[in-house]
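A short write-up of the structure that comes next.
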Amino acid sequence: MATPLSDTPLSPLKTIAVVGLGTMGTGITEVLAKAGRQVIGIDISEDQAAKSVAALEAATARAVERGRLTEQERADVLARVRTSTDIAAAADADLVIEVAPESYEIKHQIFRDLDAVVRPGTILATGTNALSVTRLAADSARPERVLGLHFFNPAPAMKLVEVVSSVLTAPQAVAAVTDLAIELGKEPVAVGDRPGFVADGLLFGYLNQAAAMYEARYASREDIDAAMRLGCGLPMGPLALLDLIGIDTARTVLEAMYAESGDRLHAPAPILKQLSEAGLTGRKSGRGFYTYEEPGSATAVPDALTPVEGNTQVTGRSVRSVGVAGSGTMASGIAEVFAKAGYEVVLAARSEEKAQAAKARIGKSLARSVDKGRMTAEAAAQTLDLVTPAGSYDAFADVDLAVEAVAEDLEIKQQLFATLDKVCKPGAVLATTTSSLPVVACARATSRPQDVIGMHFFNPAPAMKLVEVVRTVLTADDVHATVREVCAKVRKHAVDCGDRAGFIVNALLFPYLNNAVKMVQEHYASLDDIDAAMKLGGGYPMGPFELLDVVGLDVSLAIEKVLHREFRDPGLAPAPLLEHLVAAGCLGRKTGRGFREYARR
């Protein structure tokens, strides 16, 4: 009969075995050895074990070159690591971390072999991010000492470690491993056992939707990736990230998530299967969504799908003056962007007072730029002189481009476009900054739908580099070319997409935010742990709940309702918790309370 873990004093976790010496296992070995642990690296392949040691030697040599280790410290780190091809080498370990391939059969066999050699008090940790920890534990001789310990790649650099408990895991095992993670300089997050846990559970759904968006030819791979980098501040676009992770690995994780959740958002996009079965698994094979210099290279090279700059046959219309409709933060920000680029700008609102207030806001913004040394006082004054406030849209009679930035209400926008149709000269381009409404509905409110296009700027417009250029089925080619040329002149990165709900950024961002709300709603993890997991494990500049409170819960709910209504996917239905908070008037920072409470100003 197995000795219960509760009756067995836990050893300090001084000697740790790492089973599987691929990239992740080697990285974990480095982290442990640098933290003073004795490490036993185990791999069935002598060649792989040798490669792991060589990689560790190279990594520590680089650390010496950069002044992060002395030669003596490097020698000590390397001396603390020994390797073996025999699982019996784990007999002296206080903790075993398994990071073998994502296969139940392989992992079960490793755990069975470990049961035969380790001490009763040894903790067994699986590094899986897709398979059930409970299932692995249940087949172990001592399920109470089995848990998940999910490091992120590259392990030496990434701070997040998810500590995964099953219903069978003893609290002492969780506490011991959590303490170890802290001693390693990591930030442990406690989570329950479900595929993907927190970080990958949210990340892979988003990656899957990006792959499906590309497969549907809604936008190019370059535009999808640029949109998420520039629109959300992410370090990598989703398709490039899939290539880094491995398309086959992503497919395995998604299949496990879909088997558990039944959510169609987790059903792997067919292109993931096609690429995997063709051996196009990403960087490691030299080709995935992108093509790389060679297998294992991080350098993407041009291929048949790479867009050729300046390859358009269409010339845009001449734009010298721009009209901006609206008086809010977005309208004044867009007007500032055009004025800085030298355009004459008419800033029109429903009253002269509102237009003057919007111009004053631009003046304050330019003054801040002067204070920060980003522009001279003379340049700021010249920029502000280019902005003419007006209390009527009749002032748009001579503009070449009219951009509306009024309330996100279709009826209001349609009324405005009907007005612009009457006052703007023939050939003027009419643009909407909507983030969620159909551009074609605005176009149909005019007698010239071919002149209407979407120009979705991001807030704050002067700082954010992205503009989503949204063509309808009626938009003329030269109108599209005009807006692309204007974006280049105002130093914004334009991405092309079609006229459907959410365009690129919101269509990928808000289902991710909604799924985070569902995690809290289901008491799977806390707000703080989810925010920490996505910042530390996913490289997000803000956690989902920080972002929701900044955007506004009412705005977020409205966008999620639009996405659900357009795509009819049950997985896109807004989380009830979000609806309840909005109904209670808890809208985020602007009301002082959303998912968190904020000090009143």
### Query
Restricting to pairs with a member in residues 149-160, which pass side chain to side chain donor-acceptor pair (under 3.5 Å), not counting sequence neighbours?
H150-E162
#### Entry: NZ/NE/NH1/NH2 to OD/OE distance under 4.0 Å, K51 and D43
no
### Salt-bridge present (E255, K273; N to O < 4.0 Å)
no
### Query
Where do A210 and I224 come nearest, in terms of heavy atoms and distance?
O-CD1, 4.1 Å
### Query
Nearest 0.5 Å, what's the CD-OG1 distance between E46 and T83?
8.5 Å
### I44, CD1: over 12 other non-hydrogen atoms inside 6.0 angstrom
no
Under 3.5 Å donor-acceptor pairs involving side-chain atoms of residues 535-544, not counting sequence neighbours:
| residue | atom | partner | partner atom | Å |
| --- | --- | --- | --- | --- |
| K535 | NZ | E546 | OE1 | 3.0 |

### Query
Does the pair K107/E102 count as a salt bridge with the N-to-O cut at 4.0 Å?
yes
### Task
Establish, from distance only, whether the side-chain atoms of D193 and T134 form a donor-acceptor pair under 3.5 Å.
yes
### Query
Judged by atom type as modelled, is there a donor-acceptor pair below 3.5 Å linking the side chain of T60 to the main-chain atoms of L56?
yes
### Task
Decide whether T26 and T29 meet the rule of one side-chain donor and one side-chain acceptor closer than 3.5 Å.
no
### Query
Is the CZ atom of R68 crowded by more than 12 outside heavy atoms at less than 6.0 Å?
no
### Query
So how far is it from T122 OG1 to L114 CG, rounded to the nearest 0.5 Å?
9.0 Å
### Task
Taking atom types as modelled, find out whether D225 and Y290 have a side-chain donor-acceptor pair closer than 3.5 angstrom.
yes
### Message
Strictly distance-based, threshold 3.5 Å: is any side-chain N or O of R37 a donor or acceptor partner for the main-chain N or O of L13?
### Response
yes
### Query
If we ignore angles and hydrogens, is there a donor and acceptor under 3.5 Å between the side chains of E105 and S103?
yes
